[in-house]
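Computed from heavy atoms alone, side chains included, the values below leave out hydrogens, waters and symmetry copies. When a ligand or atom number is given, it counts from 1 through the structure's own listing order. Here, residue 1 is the first one in the sequence, and each next residue gets the next number. Keep in mind that what you see is a predicted model, and the values were worked out from it rather than measured.
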Amino acid sequence: MNAERFLNDLNHLRSFGASGVGKGVVRPAYSEPDIAARKWLAERFAEAGLRVETDEMGNLFGLADAPSLLMGSHSDSQPEGGWLDGALGVIAALEVARSSRETGGPAISVVSFQDEEGRFGVTTGSAVWAGHLSLAEADLLTDHAGIPLVQARHAIAGMVTGPVDATQFQGFIELHIEQGPTLDQSGEQIGVVTDIVGIRDMKMTFEGQQNHAGTTPMHLRKDAFQAVSAFNTALNERFRNVVTPSTVWTVGHLSLHPNASSIVPGKAVFSMQWRDGDVDRLSRMEQIVRNTAEEIAQERDMALTFGPLLGLEPVVMDARLRQALMRGAQDIAPGEWREMPSGALHDATNVSRLMPVAMLFVPSIGGISHAFEEDTDEADLVAGVSVLVRAIRHLA
Ligand code: HGY
Ligand code: MN
Ligand code: MN
């Protein structure tokens, strides 16, 4: 591999949507910086001798001529994201494709999936490509501002070439930052992923009565924020009997209407998300979410609505691809790597419906991600790509 060329490209990708705070980026799916980044990536793919194709979702492919391994990740970011989440996997794939071609190695195709970060759903672009979600269903999903996907994706219409056939790919490998504390704390350089957790994600709404914050006695209020607060407290209590130390749940988005200091909020829309490696536990948690919210709504005489339940099942990584990554890890970081599960979701989950998949992690400094502070040591970034280069040789 050419480490300098790889790091230069990775840093250049950061310039699209650079936040001005540290190395952070603001590059949500279909935003101007996201589209500009995709156009720049398309040029890099073409320069590497790959055929550029973009499907209707905006998933961007650089295709090898022959049947090939597919490598990549996503180049959209969270509303406040780091420079490596997704970007690392895309630029690493590009570097592996380039260096493999230059040295007579196996053919490698490259992808940057769209909306992995779920402006509209959960890993939306790869979910549609892999047939987990139809384009018609996806088009109805809305972001937190109420914009439907079908409208947002007009912005990439000029780039679309058509559907990309998955049968040309022999497997998919995704390099990603860990986004958690495990490798950073252990001092190891590489994680070979064993499996990816499952997720459930749902919008919920409590609707009460908007009213005056000075004149409305407490016992007469139908305050939507108070309902969310009571729901959250009850939920934490009830989850206790069901969850394990690796189960996680999050209310990450809350919108109060009309969101003013002197108005009792009449409406609260919020996101409810939970993740676990066990499907039964995910369903038991769903039942608790629904029952708890219904009880709170009834007690407080408020309306309650659930949005569509989005989700991805837990998946196990392919044994053969994983073995190749382990051999590569042992070549590059002998004794300084481990096998580990992924608590973050990845496009690899969707792609596993179509072909064997595997994933590789490098450490996240301080275990921080989905934040401007996200970073990884340069030596670890380069080590990750080197493991990929070794792994494709072992596979070939
Ligand atoms: O939320 C996730 O795990 C992923 O980064 N979208
Ligand atoms: Mn990611
Ligand atoms: Mn992410």
How wide is the angle at the Mn ion (ligand 3) spanned by His370 NE2 and Glu117 OE2, rounded to 10 degrees? 110°

Option whose closest heavy atom lies nearest to atom 1 (O) of ligand 1, chosen from His176, Glu116, His74, Arg275: Arg275

Are the aromatic rings of Phe61 and Trp129 close, with centres under 6.0 Å apart? yes

To the nearest 10 degrees, how large is the angle at the Mn ion (ligand 2) between His176 NE2 and His74 NE2? 120°

Any N/O/S atom of Asp85 sitting less than 2.8 Å from the Mn ion (ligand 2), backbone or side chain? yes

Can His370 be said to touch ligand 1, with heavy atoms closer than 4.0 Å? yes

N/O/S of His346 less than 2.8 Å from the Mn ion (ligand 2)? no

Trp83 ring centre to Arg14 NZ or CZ under 6.0 Å, with the angle to the axis within 45°? yes

If we ignore angles and hydrogens, is there a donor and acceptor under 3.5 Å between the side chains of Lys203 and Thr142? yes

With Arg290 as the cation and Phe306 as the aromatic partner, state whether NZ or CZ is under 6.0 Å from the six-membered ring centre and within 45° of the axis. yes

State whether Arg101 and Glu47 are salt-bridged, where the test is any N-O pair (Lys NZ or Arg NE/NH1/NH2 against Asp/Glu carboxylate O) under 4.0 Å. no

What atoms of ligand 1 come closer than 4.0 angstrom to any heavy atom of Ala344? 3 (O)

Flag the pair Asp139 and Arg153 as a salt bridge only when some basic side-chain nitrogen lies within less than 4.0 angstrom of an acidic carboxylate oxygen. yes

Give yes or no for whether the N/O distance cutoff of 3.5 Å, strictly under, is met between Leu345 and ligand 1. yes

